[in-house]
Amino acid sequence: MKIKKAVIPAAGLGTRVLPASKSCPKEMLNIVDKPAIQYIVEEAVKSGIEDILIITNRGKGVIEDHFDRSPELEERLLASGKQAMYDEVVAISKLANINFVRQKETKGLGHAIMCAESFVGNEPFAVLYGDDVIMGEDPVCGQLCRAYEKYGKGVVGIKEVSMEAIQKYSSMKTQHIEGNLYGISDMIEKPKPEEVFSLFSILGRCVLPPQIFEILRNTKPGAGNEIQLTDAMKQLAVTEGMIGVDFVGTRYDMGNKLGILKATVETALNHKEVGDDFREYLKSLKL
Ligand code: UTP
């Protein structure tokens with residue numbers, strides 16, 4: 001079954017990137033000349049997704065504005081002959097069929113996903129975490145959708161991380177299947193060192209069957225007293241098994257300050273307009 005719907009949770013408080021995220025959602029923080037969430041929407045579209053639901057909350061209306069038309073700005077660009085920029089600005093509003101819903105209380109990623117139930121209906125859907133930008137030739141969301149289509153099971157994007165990092169993320173119990181694909185039979189959110197299954201952690205992307213909503217309804221608050229998506233996916237992994245894709249792509253965590261800097265520097269170095277000058281500038285710093 002082709003995956004056509006995607007959910008982008010973007011209703012977190014972003015406390016790790018304060019004060020930048022006090023009035024500007026972290027998902028709207030810039031990577032050179034585009035907000036992080038635009039890279040994520042573009043990845044979903046390149047993966048064949050047609051309908052997107054972005055989960056927002058109070059104070060994040062600027063995300064809706066970004067994907068809307070902007071008549072005054074467009075008129076000014078046309079009048080001053082800036083056709084290329086006009087085309088780029090209009091294209092943002094036509095990227096996909098983008099919908100919005102508000103998570104009324106910040107009760108965790110699992111709770112945010114529950115807000116997508118009526119949008120998703122009874123079909124599998126992709127989840128792209130709103131603060132994880134992943135760059136690469138082959139969009140990672142598409143890599144996961146292909147695995148779902150092949151195995152008919154929930155899929156998570158995984159990568160090996162350090163022992164220190166895994167305690168802040170999640171840890172997967174894996175069995176190698178083929179190539180970069182793994183069977184997942186258990187998982188744990190924010191494990192203590194003695195609870196770590198492997199150094200494979202979920203990073204930013206998954207494809208889930210609609211049964212996840214029933215599981216989420218019965219999932220009690222976990223780490224941080226939030227309803228954790230990992231706790232619900234654990235149920236799926238234990239009962240039906242899930243697939244892990246050790247994806248190909250470079251992931252930037254826009255939820256922390258160093259991640260934002262890495263995304264900015266690496267994207268700037270490869271940027272058509274400013275890349276060469278930026279490289280010269282960095283060299284001139286004689287670090
Ligand atoms: P994070 O845990 O990284 O986001 O959630 P956070 O809560 O904003 O982080 P800090 O710790 O306060 O800095 C991963 C994704 O889930 C969304 C976030 O917006 C992010 O994209 N999220 C998290 C929600 O949509 N709702 C929530 O209640 C929590």
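All values below come from the heavy atoms of this structure, side chains included, with hydrogens, waters and symmetry mates left out. We count ligands from 1, going down the list as the structure has it; atoms in each ligand are counted the same way. Here the structure is a predicted model, which means the values were calculated and not measured.
At a threshold of 4.0 Å, the pair Lys26-Asp131 counts as salt-bridged, since one of the basic side-chain nitrogens sits closer than that to a carboxylate oxygen.
Per-residue contacts place Thr106 under 4.0 angstrom from the following atoms of ligand 1 (heavy atoms of the residue considered): 27 (C), 28 (O). Every atom of ligand 1 is numbered from 1 in the order shown, and the set under 4.0 Å from a heavy atom of Leu109 is 16 (O), 27 (C), 29 (C).
For Lys190, the NZ atom counts as densely surrounded, since its 6.0 Å shell holds more than 12 non-hydrogen atoms of other residues, nucleotides or ligands. Within a 6.0 Å sphere centred on CD of Glu117, heavy atoms belonging to other residues, nucleotides or ligands number more than 12.
For a threshold of 3.5 Å applied to N or O pairs, the pair formed by Ala11 and ligand 1 contains at least one separation below that value.
Relative to the six-membered ring of Phe200, Lys159 misses at least one condition, a distance below 6.0 Å or an angle of at most 45° to the axis. For the pair Arg69 and Tyr86, the cation-pi criterion (under 6.0 Å, within 45° of the ring axis) is not fulfilled. In this structure, Lys153 forms no cation-pi arrangement with Tyr148, as its terminal cationic atom is not both closer than 6.0 Å to the ring centre and no more than 45° off the ring axis.
The closest approach between any non-hydrogen atom of Glu105 and ligand 1 is not below 4.0 Å. Residue contacts with ligand 1 leave out Glu226, since none of its heavy atoms falls under 4.0 Å from the ligand. Distances from ligand 1 to the non-hydrogen atoms of Ile55 include no value under 4.0 Å.
The residue among Arg16, Lys60, Lys107, Lys168 with a heavy atom at the shortest distance from atom 2 (O) of ligand 1 is Arg16.
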